[in-house]
4 protein chains.
Amino acid sequence: MVTQPARPAPDTSRRSERSRRAIYEAALSLVAETGYPKTTIEGIAARAGVGKQTIYRWWGSKADVLLEAFLDLGEQAAEAAGHTPDPLPDTGDLAADLKAVLRATVDELLDPRFEAPARALTAEGVVNEPLGREFVAKLLEPQLQLYVDRLRSAQRAGQLRPGIDPRIALELFVSPLAQRWLQYTGPISYDYTDTLVDYALYGLAPR
Amino acid sequence: MVTQPARPAPDTSRRSERSRRAIYEAALSLVAETGYPKTTIEGIAARAGVGKQTIYRWWGSKADVLLEAFLDLGEQAAEAAGHTPDPLPDTGDLAADLKAVLRATVDELLDPRFEAPARALTAEGVVNEPLGREFVAKLLEPQLQLYVDRLRSAQRAGQLRPGIDPRIALELFVSPLAQRWLQYTGPISYDYTDTLVDYALYGLAPR
Amino acid sequence: MVTQPARPAPDTSRRSERSRRAIYEAALSLVAETGYPKTTIEGIAARAGVGKQTIYRWWGSKADVLLEAFLDLGEQAAEAAGHTPDPLPDTGDLAADLKAVLRATVDELLDPRFEAPARALTAEGVVNEPLGREFVAKLLEPQLQLYVDRLRSAQRAGQLRPGIDPRIALELFVSPLAQRWLQYTGPISYDYTDTLVDYALYGLAPR
Amino acid sequence: MVTQPARPAPDTSRRSERSRRAIYEAALSLVAETGYPKTTIEGIAARAGVGKQTIYRWWGSKADVLLEAFLDLGEQAAEAAGHTPDPLPDTGDLAADLKAVLRATVDELLDPRFEAPARALTAEGVVNEPLGREFVAKLLEPQLQLYVDRLRSAQRAGQLRPGIDPRIALELFVSPLAQRWLQYTGPISYDYTDTLVDYALYGLAPR
DNA sequence: GGTTAATCGAGACGGTACGTCAGGTCTTAAC
DNA sequence: GTTAAGACCTGACGTACCGTCTCGATTAACC
């Protein structure tokens with residue numbers, strides 16, 4: 001939890017599942033429609049057909065609500081897709097596997113249903129450290145771990161120099177994509193991510 | 001300009017320089033002290049000893065004020081340091097030069113006077129595309145251009161493969177640092193940036 | 001009601017009686033102390049220890065607030081004095097009765113607690129017809145009706161010409177006093193009101 | 001003058017007659033169109049094509065401007081009509097003369113060009129004693145003096161009891177009309193004013 | 001007729017209050 | 001005991017005017 005309410009924790013067992021779901025949906029749709037700053041707790045409560053207090057009872061802030069709603073969105077997607085986050089593909093060809101995964105990421109980043117809340121939460125996290133850390137821990141880091149796993153496998157297969165730290169290595173192609181998406185520092189395309197993988201694997205200096 | 005006020009543009013020649021400076025200082029100090037969301041236009045006006053309307057006359061939003069204040073901060077620093085943004089060092093050793101510059105960047109990112117407004121503006125830009133683009137165009141891109149210049153020079157010197165696109169290449173070491181700083185995805189240190197340069201220049205795959 | 005707010009009427013049953021009373025008192029005291037134009041809604045809210053919105057929720061304007069406060073003042077006085085507005089005295093001597101009542105009115109007009117809000121509301125009503133009409137209907141006309149009743153009684157007793165319209169007749173002594181008070185067209189005294197009654201009852205022309 | 005500005009009196013000889021007239025017209029038309037409270041000094045200046053300071057240089061308040069504008073209106077009307085305020089007609093029949101004059105007053109009170117500023121100034125005067133007194137001294141009292149003169153003439157002709165004070169007597173028919181107009185306490189008509197004259201001259205009590 | 005000083009139109013300035021919106025707390029009635 | 005509803009106090013929003021001030025540019029009085 002980002003915010004630990006000091007008040008006596010309400011009784012979770014009596015919580016209305018109906019309200020919880022309605023709040024998630026209201027929060028996500030409002031952020032998508034009007035943007036994060038114009039999304040208000042009152043607005044979420046109204047659209048969800050819920051009293052304001054019901055939100056304040058269970059969450060500490062607008063950011064908290066949205067974070068949980070977004071996590072829930074991911075869990076629902078995972079459930080639909082077979083419940084466990086799939087590991088990265090491992091065909092033996094590291095470059096090809098990375099390019100494929102990054103191309104999928106490009107698609108996701110440009111999906112409007114994903115983009116609005118993801119941007120909103122990232123922005124909030126930049127300026128609100130606890131939320132930022134929670135966002136990373138619950139959402140980003142698990143994803144990055146999949147890259148770490150794939151890179152380690154590549155290391156065992158001799159496709160990656162043994163001394164390389166996979167946690168840092170992955171940033172060479174993930175972070176540039178993230179920055180372009182977040183900060184509008186450049187266009188995002190399959191070509192671009194393919195190039196990133198090539199540069200990162202084979203280096204910039206002449207061989 | 002991020003915001004084009006529809007009303008007839010006020011007369012710039014009669015603008016109070018005193019007020020402008022006071023507003024910059026108030027905005028920067030308030031953001032540093034209380035954070036961006038708790039910084040209000042009323043607060044800036046009060047601390048600057050200025051009427052609210054004087055802010056609304058010249059800027060369209062809190063973000064606009066802070067962006068200009070931050071740009072001004074940079075210009076003042078540049079002026080103090082001899083007026084032109086220095087090109088990156090070019091000792092002939094590309095790796096060493098990049099490591100030195102990134103170490104300096106690390107220092108800057110951790111300087112509290114810089115950090116608060118930079119985070120605030122970046123966060124706002126993530127969620128507010130016009131402002132984000134202006135932030136990049138006026139602040140980030142000029143910095144990145146220096147890397148492009150240095151990398152081209154390295155290309156001419158045969159220290160960089162000829163086919164490499166410098167604008168993409170620089171992201172291999174700049175973006176990871178940016179992401180760690182922005183999203184708290186990992187610690188920032190000289191070691192880390194040195195490693196980034198090594199990985200990027202010599203690649204991850206066995207040579 | 002002077003102002004019918006278009007928005008959904010708030011729930012009267014949950015209204016805070018405490019706030020309502022505090023607002024009345026604040027409004028009356030501020031008008032008495034600083035005058036009507038310098039009395040602001042913000043000032044009333046602050047002195048009443050109330051949010052501005054609580055005022056805007058229940059009233060449409062400063063004038064509305066003051067009118068209700070003033071009506072309430074009258075009701076409270078009436079309650080203290082036995083709840084029904086006393087009819088005018090009827091000793092059988094019309095001239096004496098009218099003189100006595102007008103002398104009491106003179107005293108009231110010069111009472112500072114009454115004067116400030118009464119002037120303020122009258123002035124507002126001169127320029128704001130709906131409020132003026134409501135002021136008259138709720139405050140002035142009930143008072144004048146007492147004169148009508150007394151004059152009718154005098155008519156039955158043969159002390160007033162039968163053809164006389166009491167509603168007009170009463171204006172002969174009431175309006176001059178009102179005008180002197182409102183417009184500073186002349187001094188106000190017992191002598192003056194006594195004279196008015198004499199002139200009005202017995203006429204200006206030689207008998 | 002209602003307000004004596006403490007600052008060094010500006011040089012009257014260099015005053016712009018053009019601006020003065022334009023300000024009068026702007027003030028009167030704005031009050032007629034939008035009402036006194038919504039009439040602002042900025043609005044008057046804008047419509048008059050005049051700097052705000054030009055108003056503040058010569059007048060102390062919105063009320064001052066309007067009062068002078070209204071006085072000027074009267075002077076212009078007087079000038080057009082032969083320059084001296086005509087005395088009341090004196091045909092020898094007091095009742096008829098008074099009825100005629102009051103009928104003319106009824107017409108004037110209902111003339112929209114006159115009504116808006118007259119109401120505005122009266123209302124302001126109710127709540128702003130100095131302005132009220134000036135309004136009376138410069139506008140109302142001169143008019144009432146004409147009644148005094150006519151009543152004295154009637155006294156000499158034996159049509160009015162000798163002991164009657166004309167200054168008070170006139171109020172018996174003037175004040176009721178004034179109150180009905182100002183406070184909406186009743187309709188205004190020729191019948192009504194005729195009745196007032198009859199009641200006042202011949203009294204209410206049986207003869 | 002040229003000089004000069006005050007007035008002029010304009011409008012930026014530091015302020016105050018406006019009326020609105022949302023935040024977060026609290027109370028009430030229904031379930 | 002949680003819920004929907006919503007009144008409450010608080011405080012920021014962005015706007016409108018206030019009355020003061022500073023600018024050139026007239027413009028009228030005086031030399």
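Proteins get letters first, then strands, A, B, ... in listed order; numbering begins at 1 in each. Predicted, not measured: the structure shown is a model, and the values here were computed from it.
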Strand-adjacent residues in residues 19-34 of chain D, judged by heavy atoms under 4.0 Å from DNA chain F
none

Base, sugar-phosphate, or nothing: which does G49(A) touch, judged by heavy atoms less than 4.0 Å apart?
sugar-phosphate

Can you tell me how far C1' of dT15(F) sits from NZ of K38(D), to the nearest Å?
15 Å

Out of dC13(E), dC18(F), dC13(F), which nucleotide sits closest to the side chain of Y56(D)?
dC18(F)

Any side-chain N or O of T54(D) less than 4.0 Å from the OP1 or OP2 oxygen of dG9(E)?
yes

Between V127(A) and E124(B), is there a side-chain heavy-atom distance shorter than 4.5 Å?
no

In terms of the nearest nucleotide of DNA chain F, which residue is placed more toward the 5' end: K62(B) or S16(C)?
S16(C)

Nearest whole angstrom, please: distance from the C1' of dT10(F) to the CD1 of I44(C).
18 Å

Report yes or no: is there a donor-acceptor pair, N or O only, under 3.5 Å between the side chain of Q53(C) and the base of dC9(F)?
no

In whole angstroms, the gap separating P of dT7(E) from CD of E17(D) amounts to 15 Å

Out of dC18(F), dC9(F), dC8(E), whichever nucleotide has its closest atom nearest the side chain of E42(D)
dC18(F)

Pair E129(A) + R133(A), salt bridge at N-O below 4.0 Å
yes

Side chains of W58(B) and R15(B) in contact at under 4.5 Å (non-hydrogen atoms)
yes

Any donor-acceptor N/O pair, R119(C) side chain to V126(D) backbone, under 3.5 Å:
yes

To the nearest 0.5 Å, what is the distance between OG (S29(B)) and OH (Y24(B))?
14.5 Å

T40(C) side chain: which of dG19(F), dC18(E), dG9(E) is closest?
dC18(E)

In whole angstrom, give the distance that lies between atom CG of D64(C) and atom P of dG19(E).
11 Å

In whole Å, what is the span from the CH2 atom of W59(C) to the C1' atom of dC8(F)?
13 Å

For I41(C) and for V50(B), locate the closest nucleotide of DNA chain E by heavy-atom distance; then report the residue assigned to the nucleotide nearer the 5' terminus.
V50(B)

Would L67(A) and K138(A) count as a side-chain contact (heavy atoms from CB on, under 4.5 Å) here? Give the steps.
CA-CA 10 Å; L67(A) 177 55; K138(A) 296 210 170 140; 5.7 Å; no

Is the shortest side-chain N/O distance from W58(A) to OP1 or OP2 of dT3(F) below 4.0 Å?
yes

Any donor-acceptor N/O pair under 3.5 Å between dG19(F) base and K52(D) side chain:
yes

Close side-chain approach of D72(B) and E68(B), heavy atoms under 4.5 Å:
no

How long is the span from the CD1 atom in I44(D) to the OG1 atom in T39(D), to the nearest 0.5 Å?
6.5 Å

Could you tell me if the side chain of W59(B) sits less than 4.5 Å from the side chain of I23(B), heavy atoms only?
yes

From CZ of R57(C) across to P of dG19(E) the rounded distance in Å is 16 Å

Distances under 3.5 Å only, N/O to N/O: pair up the protein atoms with those of nucleotides 28-31 of chain F.
residue, atom, partner, partner atom, Å
dA28(F), N3, R14(D), NH2, 2.8
dA29(F), OP1, S13(D), O, 3.3

Listed by chain and number, what are the side chain to side chain donor-acceptor pair (under 3.5 Å) partners of E33(A), not counting sequence neighbours?
R47(A)

